Peer 1: 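Encoded as structure tokens, here's the structure I'll be asking about.
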Amino acid sequence: MSFTADRLLLFGATGDLAQRMLLPSLFALDADGLLAPDLKIIGTARSAMSDSEYRNFARAALEKYLPAERRGRMAEFLNRLAYQTLDATTLEGYDALARKVGTPKHGLAIFLSTAPSLFGPTIKGLQSAGLTGENVRMCLEKPLGTDLESSREINDAVAGAFPESRIFRIDHYLGKETVQNLLALRFANLMFEPLWNAAHIDHVQITVAETVGLEGRVAFYDDAGAIRDMVQNHMLQLLALVAMEPPAHFDATAVRDEKVKVLRALRAVVAGETVTGQYRAGAIGGQAVPGYDEELGRDSGTETFVAIKAHVDNWRWKGVPFYLRTGKRLPRRVTEIVIQFRCVPHSIFAGKGATMQPNRLVIGIQPEENITLSLMAKVPGLDREGIRLRSVPLNIAMPDAFTGAVRRIAYERLLLDLVEGDQTLFVRRDEVEAQWEWVDAIRAGWDAEGLTPKTYTAGSWGPSAAIALAERDGVTWHE
Ligand code: BG6
């Protein structure tokens with residue numbers, strides 16, 4: 001049922017995500033006139049707070065996390081907020097919560113940003129208070145389980161109260177502008193798609209490098225590790241967008257149908273195709289940083305870095321490796337996708353001494369949003385001593401190409417889509433399960449081999465074995 005929600009209920013309303021992302025995003029949408037005037041936002045969490053105390057709490061979060069240029073008058077936004085204290089694990093408080101939510105004119109959107117262990121009890125509570133009706137949609141923040149089995153349990157619990165058409169699973173990478181731009185690049189231009197296959201592409205690299213370490217998320221991160229925290233969701237979504245067939249339409253069913261086919265075509269990874277690492281003390285940008293074991297206060301077998309050589313076993317991608325790597329405490333923050341094309345079939349310049357490099361397309365997702373295509377060009381001159389060719393970049397910096405357009409954070413887009421009911425940029429159950437299936441098999445392989453993370457110095461690009469993983473195929477990571 002299509003409706004624009006006029007009530008938004010935030011579980012985990014005092015948590016880190018609410019403070020850093022959700023409240024600032026909602027404020028920014030409001031400031032730009034994108035929220036319906038009658039939209040009320042009800043926060044709920046365990047802490048005892050009145051409406052006005054929550055408004056003060058929200059104001060403090062906005063002052064802390066909103067970039068100065070996007071801060072404006074807050075009073076109107078804060079007036080939209082209300083708060084209800086709730087122990088989500090017991091049924092008692094849900095009737096009071098329902099009273100606080102009131103009767104929406106059009107519909108209610110619920111955002112669960114709590115520990116997944118609370119999802120089940122919360123759904124039961126919402127059901128008991130009549131908050132799962134046809135005009136209610138449910139949005140779930142990661143982590144959605146720790147493996148296929150636990151993710152199925154969560155999905156089953158949610159499916160007991162909501163049909164898939166009203167379930168919105170967040171992967172905030174899908175809210176990033178350049179990630180969506182990948183679809184425009186592929187499907188709004190004629191020139192790439194005919195080359196986008198094994199005949200013309202040698203390999204693909206996807207890097208998500210972070211400079212941050214544990215960031216105080218001790219309990220969560222040490223149980224997750226890089227593969228479950230980053231690969232299972234964000235990186236596989238990026239891979240799916242790169243590798244999928246053209247959907248017939250830009251809509252939730254068509255796009256997700258194509259992504260899930262790719263995820264199901266991922267080949268099981270075998271021993272030797274993954275490398276894991278864990279950082280030790282080092283320096284990033286001239287600043288000394290402690291090792292993971294020091295931050296954690298004990299030894300741990302959790303990987304803070306992972307590199308994987310993946311394959312998509314279908315007609316289009318047969319034989320094209322997808323090298324994935326992600327890690328904490330790497331030298332710089334960068335998310336990028338590299339499409340490495342093959343060499344031209346024959347060099348007419350070889351007799352004139354010229355060497356050539358194959359074309360390469362680099363899609364920068366963050367911190368810089370840009371697309372660079374390297375092309376071969378002749379070095380100017382009279383060529384008496386032979387022809388010299390050099391690779392030159394054709395560079396599109398998105399902020400320059402679209403000056404004046406507001407650069408929005410991912411959650412602004414996703415929250416607006418949630419309120420308005422567009423599922424295209426949300427992850428469907430079959431995708432999540434295909435992602436887990438592939439990741440679980442890798443982790444089972446690690447257990448069987450007794451693989452433990454190799455150490456790497458903070459500020460380096462991970463263990464040297466990760467370099468070797470690509471280099472033994474003659475591939476160099478793009479840096
Ligand atoms: C989250 C992970 O999903 O994504 C974090 O849990 C990670 O560990 C974050 O730091 C990265 O997001 P972004 O948008 O900063 O690249």
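It should be emphasised that the depicted structure is a prediction, and the values quoted were computed from it without experimental measurement. Every number for a ligand or one of its atoms is a count from 1 in the order of the listing.
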Peer 1: Given Arg333, Glu141, Arg217, identify the one with the heavy atom nearest to atom 5 (C) of ligand 1.
Peer 2: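 Going through Arg333, Glu141, Arg217 one by one, Arg217 has the nearest heavy atom to atom 5 (C) of ligand 1.
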Peer 1: Does the side chain of Thr304 come under 3.5 Å of the side chain of Tyr456 through a donor N or O and an acceptor N or O?
Peer 2: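 A donor-acceptor contact under 3.5 Å links the two side chains.
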Peer 1: May I ask you to list the atoms of ligand 1 that are less than 4.0 angstrom from any heavy atom of Gln366?
Peer 2: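 Per the distance check, 13 (P), 16 (O).
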Peer 1: Which bit of Met21 gets closer than 4.0 Å to ligand 1, counting heavy atoms only: side chain, backbone, both or neither?
Peer 2: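 No part of Met21 comes within reach of ligand 1.
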Peer 1: Let me know which of Ile41, Leu17, Leu414 forms a side chain to side chain contact (heavy atoms under 4.5 Å, CB included) with Leu22.
Peer 2: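 Single pass found, and it is Leu17.
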Peer 1: By number and element, which atoms of ligand 1 are closer than 4.0 Å to a non-hydrogen atom of Lys142?
Peer 2: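 Those atoms are 1 (C), 2 (C), 3 (O), 6 (O).
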Peer 1: Check ligand 1 against Lys328 and write out every atom of the ligand that is under 4.0 Å from a heavy-atom position of the residue.
Peer 2: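 Atoms satisfying the 4.0 Å criterion: 5 (C), 7 (C), 8 (O), 10 (O).
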Peer 1: Nearest to atom 2 (C) of ligand 1, what protein heavy atom do you find, and at what distance?
Peer 2: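 Closest protein heavy atom to atom 2 (C) of ligand 1: Asp229 OD1, 3.2 Å.
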Peer 1: Does the residue Tyr221 have a heavy-atom contact with ligand 1, meaning some pair of atoms that are separated by less than 4.0 Å?
Peer 2: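 No; Tyr221 lies far enough from ligand 1 that no heavy-atom distance drops under 4.0 Å.
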Peer 1: Do Gln237 and Gln435 have side-chain atoms, one donor and one acceptor, less than 3.5 Å apart?
Peer 2: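 Gln237 vs Gln435: donor-acceptor pair found between side chains.
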Peer 1: Side chains of Trp477 and Thr207: is there a donor and an acceptor less than 3.5 Å apart?
Peer 2: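 The answer is no; no qualifying pair exists.
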Peer 1: Tell me, which protein residue and heavy-atom name are nearest atom 14 (O) of ligand 1, and how many Å apart are they?
Peer 2: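 Ranking protein heavy atoms by distance from atom 14 (O) of ligand 1, first comes Lys176 NZ, 2.6 Å.
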Peer 1: In terms of side-chain heavy atoms, does Asp251 have a donor or acceptor partner in Thr253 at a distance below 3.5 Å?
Peer 2: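 No, no side-chain donor-acceptor contact under 3.5 Å.
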Peer 1: Ignoring hydrogens and geometry beyond distance, is a side-chain donor-acceptor pair present between Glu164 and Gln423 at under 3.5 Å?
Peer 2: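 No.
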Peer 1: Quick one: look up the protein heavy atom nearest atom 12 (O) of ligand 1 and list residue, atom name and how far away it is.
Peer 2: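 Its nearest protein heavy-atom neighbour is His172 NE2, 3.1 Å.
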Peer 1: Here's a test for you: under side chain to side chain contact (heavy atoms under 4.5 Å, CB included), which of Ile442, Val275, Val231 qualifies with Val306?
Peer 2: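 Among Ile442, Val275, Val231, the one meeting side chain to side chain contact (heavy atoms under 4.5 Å, CB included) with Val306 is Val231.
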Peer 1: Among protein heavy atoms, which lies nearest atom 9 (C) of ligand 1, and at what distance?
Peer 2: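 For this ligand atom, the closest protein heavy atom is Glu210 OE2, 4.0 Å.
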Peer 1: Who pairs with Glu479 by salt bridge (Lys or Arg N to Asp or Glu O under 4.0 Å), at least two apart in sequence or on another chain?
Peer 2: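 For Glu479, the residues satisfying salt bridge (Lys or Arg N to Asp or Glu O under 4.0 Å) (neighbours in sequence not counted) are Arg325.
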Peer 1: Give the residue and atom name of whichever protein heavy atom lies nearest to atom 16 (O) of ligand 1, and the separation in Å to one decimal.
Peer 2: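 Minimum-distance protein heavy atom for atom 16 (O) of ligand 1 reads Tyr173 OH, 2.4 Å.
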